[in-house]
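Below, chain A is the first sequence line, B the second, and so on; all start at residue 1.
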Amino acid sequence: MKAIHNLISKVKPNFEEGGKLSRFWVVFDSLETFAFTPGHTTSKGAHIRDSIDMKRTMMMVILAMVPALLFGTWNAGHQYYLSIGEITTLDGLGTMFWEKIGIGAQKVLPIVAVSYGVGLGIEFIFAGIRKHSINEGFLVSGMLIPLIMPVDVPLWMLAVAVAFAVIIGKEVFGGTGMNIINVALTARAFMFFAYPKQMSGEIWIHQGETAAIDGYSGATALGELANTVGKAAGSTEVTGIMSNFSLDGVYSMSNAFFGLIPGSIGETSALAILLGGAILLFTGIGSWRIMLSFLIGGLAMGAIFNLAGANAFMEVNPVHQIIIGGFMFGMVFMATDPVTAAQTNTGKLIYGFFGGFFSIMIRVFNPAYPEGVMMAILFMNVMAPMIDHYVIASNIKRREKRMKLQTA
Amino acid sequence: MEYFSIFVKGIFVENMIFAYFLGMCSYLAVSKTVKTAVGLGFAVIFVLGITVPINYLLEEFVLKEGALTWIDPSYSTIDLSFLSFIMFIAVIASIVQLVEMIVEKFAPALYGALGIFLPLIAVNCSILGGALFMQERQYPTIGEATVFGLGSGVGWWLAIVAIAAIREKIRYSHVPAPLKGLGITFIITGLMGMAFMSFMGIEI
């Protein structure tokens, strides 16, 4: 620690105003504050003394994402070996543990590196030109983006999506804390709409050179379910697909809960995500209001569909419905984004409820988008300021009424 | 059920702003504050809710080929649909005059805030668009046409109020100088359009 501190103090004058490297001040500043508590204080406005600052908040969120990331890495390898037939579902999960991690890391690490590299690079350039300090916001977005990507995503495509999300989604609004829609979801949605062909089909697992064995399907649970729409209930095709969702099928409830299914890197395991969610709730960083109402909204819509029961997709058990796909991930990490969510407490409840509600609705109603969570959260991000506005307006009205009652 | 599906479609799936980008001029200009946006939004709902059924009657009993048979059976070959644009616009313009007078009388503050954009509803593309979509989609009854008009109006209202709330929220954001004002509003509209794409292709 001492050595780092000495080094920083030694090179610091070079970066300060008038120093020969002063144009790289933002880079230096961010690295310095990363290592040590900054010595400067707020120069104007209100002061709050608190041990938690933005950097620490962001670090907690990243910590919360680690279980999902580690599991996703393992699962990438697991699915790979399943697909080439090296192992079967009957083998213990510990079989070839390190080989799976190795394969997974080979695929996941480059994605993380590209996401951080491109995003932080753009952030540094903007900070340099616009003369503001580098914020830590992207540390979280840069980690969220890999978790919602398919394992086999081409890296250049990822780079384009990240660049779009950071520039159009965030920097044009003034950087961290100013964006109106979630940066990570912007990247995902951009990719989805700009490269629809590459973002559908057999990309959810790392295939490698070897062809997949017969009987292994790399499709996500939701992709399979979307295939049932428009086909007669009870036909052999539909029952074939639905048998995968029964107790001993590939997408059974326990498999989906532990995450042994194909899907985006971080979304498959509800268990790992809930672990992260527990960290967020315990530290008070994630809003319990949003998570709870999101969950209730999803379950409610699932139950309504159960009652309607028009096709096989609708008849999926609500609990099963919310542990497949990205619902859990969206609920814990995306919807709770403090910048883009509703800011008022009542607003958070409304925001979360409709987020969950629309997630399941879009998923079932819109066969073009088997994954409704991304779109639902984007939609609610757009609507959040309006919800807040009306919540505040109704608060004002209520208080006015109360005041009138008192004076009267 | 049919009415409900047309109504919901008009709000989300076939949203005037985000699906067809109609009525952008007043949408961009009057969305600085939520209050005026709500006022203009209601004016658009009102105008669409009235002009679409009136234009429907016009289409059904005057303009369509064979529509004039109720006067005399020998008129069954007359097709006046080449007049539809001018007739629709005339109806819309007169209704807008009416709205303007009502707003001026009962909500002078709103009248002042809306300024030139209230008379401009007459040439708001979403209003004429509503009439023309009604003609194109050939709704079987006047009830469905009315519901379609109201649904499109509510969709437009939702769009303008949502963007007005966002613009109020980002008022103190550190937006780059060249993008301040309209520039950032266009970008927001694009991003909102992306969010609304979640409803594209839904069949209700």
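- Most heavy-atom pairs under 4.5 Å with chain B, from the set A:M383, A:M375, A:R130: that is A:R130.
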Expected list for residues 127-147 of chain B: side-chain donor-acceptor pairs under 3.5 angstrom, two or more places apart:
residue	atom	partner	partner atom	Å
B:Q135	NE2	B:E59	OE1	3.1
B:R137	NH1	B:E14	OE1	3.2
B:R137	NH2	B:Y20	OH	3.1
B:T141	OG1	B:E144	N	3.3
B:T146	OG1	B:I142	O	2.7

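- With B:M194 as the partner, the side-chain contact (heavy atoms from CB on, under 4.5 Å) test is satisfied by one option alone out of A:F192, A:F379, A:F193: A:F193.
- Other residues, nucleotides and ligands place more than 12 heavy atoms under 6.0 Å from the CG atom of B:L182.
- In this structure, chain B has a heavy atom under 4.5 Å from the backbone of A:E171, while its side chain stays farther away.
- For the atom pair CE (B:M192) and CD1 (A:I180), the distance works out to 7.0 Å, reported to the nearest 0.5 Å.
- Shown here for B:A165 and A:P385, the closest heavy-atom pair between the two residues is CB-C, 3.5 Å.
- Within 6.0 Å of CZ on A:F190 lie more than 12 heavy atoms contributed by other residues, nucleotides or ligands.
- Under a cut-off of 6.0 angstrom, the local environment of CZ in B:R171 is crowded, with over 12 non-hydrogen atoms contributed by other residues, nucleotides or ligands.
- Interface residue B:L158: backbone and side-chain heavy atoms are both found under 4.5 Å from chain A.
- In terms of heavy-atom proximity, B:A195 sits nearest to A:V382 at CB-CG2, 3.7 Å.
- Applying the 6.0 Å contact sphere to CZ of B:F82 captures more than 12 heavy atoms from other residues, nucleotides or ligands.
- Between chain B and the residues A:A393, A:A189, A:G175, A:G174, the largest count of heavy-atom pairs under 4.5 Å involves A:G174.
- The part of B:F12 that comes within reach of chain A is its side chain, from C-beta onward, which places non-hydrogen atoms under 4.5 angstrom from that chain.
- Between A:V172 and B:I184 there is a side-chain heavy-atom pair separated by less than 4.5 Å.
- Both the backbone and the side chain of A:I168 come within contact range of chain B, with heavy atoms under 4.5 Å apart.
- Both the backbone and the side chain of B:I166 come within less than 4.5 Å of a heavy atom of chain A.
- Neither the backbone nor the side chain of A:F126 comes within less than 4.5 Å of any heavy atom in chain B.
- At a 4.5 Å heavy-atom cutoff, the contact between A:F173 and chain B is made by backbone and side-chain atoms alike.
- Atom NZ of B:K169 is surrounded by more than 12 heavy atoms from other residues, nucleotides or ligands within 6.0 Å.
- Closest of all the heavy-atom pairs between B:E168 and A:H389 is OE1-ND1, 3.7 Å.
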